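Everything below concerns the one structure shown next.
Just so we're clear, the structure is a prediction, and the values are computed from it rather than from any experiment. In what follows, every chain begins at residue 1, and chains take the letters A, B, ... in the order their sequences are listed.
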Amino acid sequence: MSEEKSLNFIEEIIENDLNSGKHDFIITRFPPEPNGYLHMGHAKSICLNFGLTQKYKGYTNLRFDDTNPVTEETEYVESIKNDIRWLGFDWKNELYASDYFEELYHFAIKLIQKGLAYVDDSTSEEIARQKGTPTQPGTDSPYRNRSVEENLALFQDMRAGKYKDGEKVLRAKVDMAHTNMHMRDPIIYRIKHAHHHRTGDAWCIYPMYDFAHGQSDAIEQVTHSICTLEFVPHRALYDWLIEKLEIYPSRQYEFARLNMTYTVMSKRKLLQLVNEGFVSGWDDPRMPTLSGVRRRGYTPESIRDFCDRIGVAKRDNLIDVGLLEFCVREHLNKVAQRRMVVFDPVKVIITNYPEGATEMVETENNPEDEGAGKRTMPFSREILIEQEDFMENPPKKYFRLAPGQMVRLKSAYIIKCDEVVKDASGKITELRCSYIPESRSGSDTSGINVKGTLHWVSASHAVPVEVRLYDRLFKVEDVSDAEGDFKEHLNPDSLQVLPAVYAEPSLAQATLTDRFQFLRKGYFILDPDTTADKLVFNRTVTLRDTWAKQ
RNA sequence: UGUCCGAUGGUGUAACGGUAGCACAGAAGAUUUUGGUUCUUUUAGUCAGGGUUCGAAUCCUUGUCGGACAACCA
């Protein structure tokens with residue numbers, strides 16, 4: 001069955017290029033700067049770039065845009081590679097803009113020789129002033145008309161380390177009156193006496209983004225250089241440099257970056273959350289970083305599905321985080337092992353069940369997956385159920401436990417509530433119930449039908465575990481649109497820790513890679529904070545709940 | 001005030017001059033030993049005006065609204 005999916009605008013461009021014979025195959029690249037951790041926005045770009053070359057003949061390079069030595073570190077390189085692999089993609093070549101420093105230097109020489117670049121002694125303030133404003137043309141630098149020979153000598157001296165940081169820059173000679181600010185003689189090289197994470201102290205001049213990115217694309221013969229919308233104004237310069245340098249004509253295409261409700265997606269803001277202690281780190285499960293969502297329990301499959309569903313276009317968007325959660329649930333529903341865990345217990349005494357007896361009841365690990373098999377769990381006279389599963393004065397459509405009302409304990413027996421025991425303050429201390437012996441799950445001859453089925457654990461067999469429940473990081477849907485500092489909109493209740501809840505015994509064997517659904521509670525994954533004597537579970541996402549809404 | 005990009009249900013995204021479709025969210029119902037899953041059904045949309053055309057979401061034009069652009073960041 002070929003259910004043809006419509007193409008996004010980039011796929012259309014590629015199909016046209018392939019059909020017209022412009023290209024026989026395509027090359028894309030994912031170009032992170034190694035100065036931070038990857039987030040969901042990067043996931044969109046990764047899925048796009050790698051997805052394209054899986055769909056069409058070609059390959060994708062991983063290229064680190066490491067042209068600014070003061071912000072970049074090897075630590076980030078490793079985490080970025082790890083995140084991409086985790087997402088399920090593999091690159092053809094691992095490349096670095098810094099590999100091209102020598103070649104880039106010669107591109108600059110060529111530009112100088114063509115009279116299209118000059119060394120400028122102006123200060124950064126002077127250069128900013130020369131740029132003019134979007135509505136007013138700029139003015140020429142007094143150094144704009146230096147001779148080719150002088151520029152060549154000066155630029156060589158820059159490389160040789162004869163000048164201090166900021167003393168001189170190399171500028172492309174384009175047009176100081178251009179309506180596009182980026183064309184007003186952009187700086188293409190600056191002096192930075194700094195240690196580079198890969199080239200060490202070999203260089204003290206470093207190319208700017210605009211003189212590295214397109215050139216690296218050209219060197220790698222990238223056919224489709226895909227980036228986000230904020231680079232649209234750079235494209236004119238990208239093309240100008242390719243033309244003047246007479247290098248491989250890579251083409252840049254821009255798409256709208258991902259924004260999601262109730263979170264922020266900019267490296268700057270995420271950094272603030274980490275540095276100012278609003279979250280525990282880059283991998284805090286509330287963070288939209290890949291390390292965060294991984295720890296939260298989101299699966300790579302669900303993230304890829306999400307990226308597929310949100311599409312690729314050029315209009316600004318704000319994606320409902322609910323869509324991501326839908327994708328996560330959809331995948332986890334198929335793979336998560338079911339377990340029973342009681343968060344906020346009330347004791348149930350089954351008065352007609354023999355004291356001291358224990359029997360094992362069998363229950364399926366995953367009703368969605370026959371192959372997941374079954375397990376057993378102990379049933380006894382004293383059971384724990386959720387407090388919220390009992391109501392003394394229930395509303396009409398409440399079909400959990402209530403005085404005189406019957407429910408099934410999942411995979412065990414039907415019980416009936418006979419008596420509510422309270423302490424002096426009126427707090428319910430236990431529920432005295434009777435069970436129907438013929439209603440045993442799997443061999444029920446009672447003929448009784450109940451509406452409600454509850455999860456439960458045997459009080460004496462339950463193991464204590466910690467669960468961490470997460471809610472949206474921010475209180476407002478559109479954080480970037482909200483008044484004031486974005487941190488004022490942080491949700492104070494985004495993390496709720498329950499230090500000791502009651503888990504069925506089999507959960508003691510949980511490992512970091514297991515995915516669980518705690519019945520009626522949501523999907524959970526073990527957190528790395530787990531120790532030998534304390535299991536810690538993160539709630540990945542709740543189950544859909546059509547009852548709670550009423 | 002300039003240049004550029006954009007505008008389709010609540011949110012995303014299709015329709016490439018010829019029936020405005022899909023997903024999420026919402027609503028109703030069926031099934032269910034998870035108020036989960038699954039399955040039905042359903043609500044809701046072309047920014048505004050003018051023009052071209054037999055026919056416009058699509059082309060032209062004017063306007064409105066949103067976004068980007070003045071780092072020795074990427």
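- Among the heavy atoms of the strands, none lies under 4.0 Å from A/Ile414.
- Among the atoms of the strands shown, none is found under 4.0 Å from any heavy atom of A/Arg184.
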Pair pattern of RNA chain B in dot-bracket, where unpaired bases get dots and | marks partners in another strand, Watson-Crick or G-U under 3.5 angstrom: .((((((..((((....[..)))).(((((.......)))))....(((((..]....))))))))))).....

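- Rounded to the nearest Å, the gap between the P atom of B/G66 and that of B/C60 is 24 Å.
- If you check every strand for non-hydrogen atoms under 4.0 Å, A/Lys521 touches nothing.
- At the heavy-atom level, A/Arg329 lies nowhere under 4.0 Å from the strands shown.
- Taking each heavy atom of A/Met260 and A/Met265 in turn, the nearest pair found is CE-CE, 3.6 Å.
- Interface remark: the A/Ser441 side chain does form a donor-acceptor pair with the B/U33 base, using a distance-only criterion of under 3.5 Å.
- Side-chain atoms of A/Glu11 come within 3.5 Å of backbone atoms of A/Asn8 as a donor-acceptor pair (strictly under, hydrogens ignored).
- Within the 4.0 angstrom heavy-atom criterion, base atoms lie near A/Gln517.
- Remark: the A/Ser225 side chain and the A/Arg29 side chain contain an N/O donor-acceptor pair separated by less than 3.5 Å.
- Taking the P atoms as reference points, B/G29 lies 23 Å from B/C22, given to the whole Å.
- A donor and an acceptor atom, one from each side chain of A/Lys334 and A/Asn366, are nowhere located under 3.5 Å apart.
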